Engineer: 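Sharing a structure here in structure tokens format.
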Amino acid sequence: MNNSPETPVTVIGLGLMGQALASAFLKAGHPTIVWNRTSSKADQLVAEGARLAPTVDDALKAGSLTIICVTDYPAMQELLGASDIELDGRTLINLTSGDSAQAREAARWAEQRGARYLDGAIMAIPSTIGTTEAVILHSGPQSDFEAHKSTVDALGTVTYLGADHGLASLYDVAGLAMMWSVLNAWLQGTALLRTAGVDAATYAPFARQIAAGVAEWLPGYAKQIDSGSFPAEVSALKTDARAMAHLIEESEAVGVNAELPKLIKAMADRSIAAGHGGEQYPVLIEEFGKPRND
Ligand SMILES: NC(=O)c1ccc[n+]([C@@H]2O[C@H](COP(=O)([O-])OP(=O)(O)OC[C@H]3O[C@@H](n4cnc5c(N)ncnc54)[C@H](OP(=O)(O)O)[C@@H]3O)[C@@H](O)[C@H]2O)c1
């Protein structure tokens, strides 16, 4: 497939993110066709050289590649479900955020209509789109990704994860879990230190160093998880659980919220009760990997 800068691209959905996507395609030299429910959001892009399609069908017909970026999957289904256009041979890349089941369902829906479908997730904010800082994840048939990679490269660091359409969404939410966990841990520590008059800015560089140090453990801990063997090379879970108790006691003593450390300690206690106290921390994957039953 010819993906030179002359390759036309359609962008449907011109919210904050869709406008940034269309703008990046324009800057890379692609003829860019846009459509949005509220057409005034296309004004700036049209001034920059985009063509506003009068209807969704016209937008879809304009070229072989369409990027969709709307609020959520129901909005996408509402929008495209109302279109009668023949999608045979066209490629849809859906960069709308959602969960893996929605992504797989959207893939089935698109494929039943003859479209090639890739699901994507944007791990970036609009201002970084078009720079290497913007990571855009894709999942679905590799050949479809390869066919359009040189076009979507205009958006940032474009990554292919695998054939399962749900993977981009799964990586997306896994990233959110990481982000919020790191931030929550930092907020817990900051709340504790503020009781002694230490401000957030003083603690931040110290916390950053700890986060970077812990990040170094991940490859070795991942090997333990993948092999299902958790020898206590550094410390045993029962030792960590005692430290968790200190964190809870300190939080309660100085009047800081102890909900989060209590939650983690409850998981560690269940794992210890199941006989894993002498193993290393990643053994907790067994608690994370199942719903709580009690
Ligand atoms: N903004 C970010 O930093 C960011 C980062 C990563 C991922 N994302 C994801 O990107 C997607 C878009 O986010 P955004 O920031 O661009 O949101 P936004 O500014 O709120 O824009 C939402 C877009 O969806 C359209 N839309 C909503 N419901 C629709 C419907 N029923 N029919 C047709 N169009 C509909 C809106 O059209 P109207 O203009 O007519 O309302 C608008 O174009 C979301 O899934 C978001 O999670 C955003």
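For clarity, every value in this text was computed on a predicted model and none was experimentally measured. First listed ligand is number 1; within each ligand, the first listed atom is number 1.
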Engineer: Is the closest heavy-atom distance from Asn36 to ligand 1 below 4.0 Å?
Structural biologist: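 Under 4.0 Å: yes for Asn36.
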Engineer: Which atoms of ligand 1 have any heavy atom of Glu78 under 4.0 Å away?
Structural biologist: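 This gives 31 (N) as the contact atoms.
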Engineer: Of Pro126, Cys69, Ser97, which has the heavy atom at the shortest distance from atom 7 (C) of ligand 1?
Structural biologist: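 Heavy atom nearest to atom 7 (C) of ligand 1 belongs to Ser97.
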Engineer: Take Asp119 and Arg104, measure what salt bridge (charged side-chain N to carboxylate O under 4.0 Å, His left out) needs, and give me the verdict at the end.
Structural biologist: CA-CA 8 Å; Asp119 206 87; Arg104 293 183 190 120; over 6 Å; no
Engineer: Give a yes/no on ligand 1: does Pro74 have at least one heavy atom closer than 4.0 angstrom to it?
Structural biologist: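 No, Pro74 has no heavy atoms under 4.0 Å from ligand 1.
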Engineer: Taking only heavy atoms of Gly13, which atoms of ligand 1 are found under 4.0 Å from at least one of them?
Structural biologist: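 Those of ligand 1 that fall under 4.0 Å from Gly13 are 43 (O).
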Engineer: CD of Glu48: more than 12 outside heavy atoms within 6.0 angstrom?
Structural biologist: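 It does: Glu48 CD has more than 12 such atoms within range.
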Engineer: Looking only at protein heavy atoms, which one is nearest to atom 4 (C) of ligand 1, and how far off is it?
Structural biologist: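 Checked against all protein heavy atoms, atom 4 (C) of ligand 1 sits closest to Met17 CE, 3.4 Å.
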Engineer: For ligand 1, which atoms, with element, lie under 4.0 Å from some heavy atom of Thr96?
Structural biologist: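 What qualifies from ligand 1 is 45 (O).
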Engineer: Any idea which part of Ala124 is under 4.0 Å from ligand 1, heavy-atom wise: side chain, backbone, both or neither?
Structural biologist: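 Ala124 to ligand 1: backbone contact only, side chain stays beyond 4.0 Å.
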Engineer: Walk me through whether Glu252 and Lys262 qualify under salt bridge (charged side-chain N to carboxylate O under 4.0 Å, His left out).
Structural biologist: CA-CA 11 Å; Glu252 287 177 337; Lys262 278 183 177 168; 2.6 Å; yes
Engineer: Quick one: does ligand 1 sit under 4.0 Å from the side chain of Asp72, the backbone, both or neither, non-hydrogen atoms only?
Structural biologist: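 No part of Asp72 comes within reach of ligand 1.
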Engineer: Closer than 4.0 angstrom, basic N to acidic O: yes or no for Arg37 and Glu78?
Structural biologist: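 Between Glu78 and Arg37 there is no salt bridge, as every charged N stays at least 4.0 Å from the carboxylate O atoms.
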Engineer: Would you find more than 12 non-hydrogen atoms of other residues, nucleotides or ligands less than 6.0 Å from Phe230 atom CZ?
Structural biologist: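 Yes, enclosed.
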Engineer: For Gly15, is at least one N or O under 3.5 Å away from an N or O on ligand 1?
Structural biologist: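 N/O-N/O distance below 3.5 Å exists for this pair.
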Engineer: Heavy-atom pairs closer than 4.0 Å: do any link ligand 1 to the side chain of Lys41, the backbone, both, or neither?
Structural biologist: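 Looking at Lys41 and ligand 1, just side chain atoms fall under 4.0 Å.
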Engineer: Under 3.5 Å, is there a donor on one side chain and an acceptor on the other for Asp58 and Thr55?
Structural biologist: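 Yes.
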Engineer: Just distances here: any N/O of Leu95 and N/O of ligand 1 closer than 3.5 Å?
Structural biologist: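 For ligand 1, there is no N or O atom that lies under 3.5 Å from one belonging to Leu95.
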Engineer: Can you pull out the closest protein heavy atom to atom 27 (C) of ligand 1? Residue, atom name and distance to 0.1 Å, please.
Structural biologist: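 The answer is Thr71 OG1, 3.0 Å.
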Engineer: Test your reading of the structure: does Val70 have an N or O sitting under 3.5 Å from an N or O of ligand 1?
Structural biologist: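 Right, the criterion is met.
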Engineer: Determine whether any protein heavy atom is located less than 4.0 Å from atom 20 (O) of ligand 1.
Structural biologist: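 So atom 20 (O) of ligand 1 lacks protein heavy-atom neighbours under 4.0 Å.
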Engineer: Do the charged groups of Lys61 and Asp57 touch, with an N to O distance under 4.0 Å?
Structural biologist: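 Asp57 and Lys61: not salt-bridged.
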Engineer: Does an N or O anywhere in Ile122 fall below 3.5 Å from an N or O of ligand 1?
Structural biologist: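 No, there is no polar N/O contact under 3.5 Å.
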Engineer: Could you check Glu105 against Arg108 for salt bridge (charged side-chain N to carboxylate O under 4.0 Å, His left out), going step by step and ending with a plain yes or no?
Structural biologist: CA-CA 5 Å; Glu105 174 56 32; Arg108 275 191 294 276; 3.1 Å; yes
Engineer: Please say whether Ala75 places an N or O atom under 3.5 Å from an N or O atom belonging to ligand 1.
Structural biologist: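 N/O-N/O distance under 3.5 Å: no.
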Engineer: Can you confirm, on distance only, whether ligand 1 has an N/O atom lying under 3.5 Å from any N/O atom belonging to Thr38?
Structural biologist: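 Min N/O separation from ligand 1 is below 3.5 Å for Thr38.
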Engineer: Counting only heavy atoms not in Glu233 (residues, nucleotides, ligands), do more than 12 fall under 6.0 Å from its CD?
Structural biologist: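 Atom CD in Glu233 is crowded, with more than 12 foreign heavy atoms closer than 6.0 Å.
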Engineer: So, do Tyr160 and His138 have ring centers that fall under 6.0 Å from each other?
Structural biologist: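 No - the distance between ring centres of Tyr160 and His138 does not fall below the 6.0 Å cut-off.
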Engineer: Is the His165 ring parallel, tilted or perpendicular to the Tyr117 ring (thresholds 30°, 60°)?
Structural biologist: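 If you compare the ring of His165 with that of Tyr117, the planes turn out tilted.
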Engineer: Starting from atom 35 (C) of ligand 1, which protein heavy atom do you reach first, and at what distance in Å?
Structural biologist: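 Minimum-distance protein heavy atom for atom 35 (C) of ligand 1 reads Arg37 CZ, 3.8 Å.
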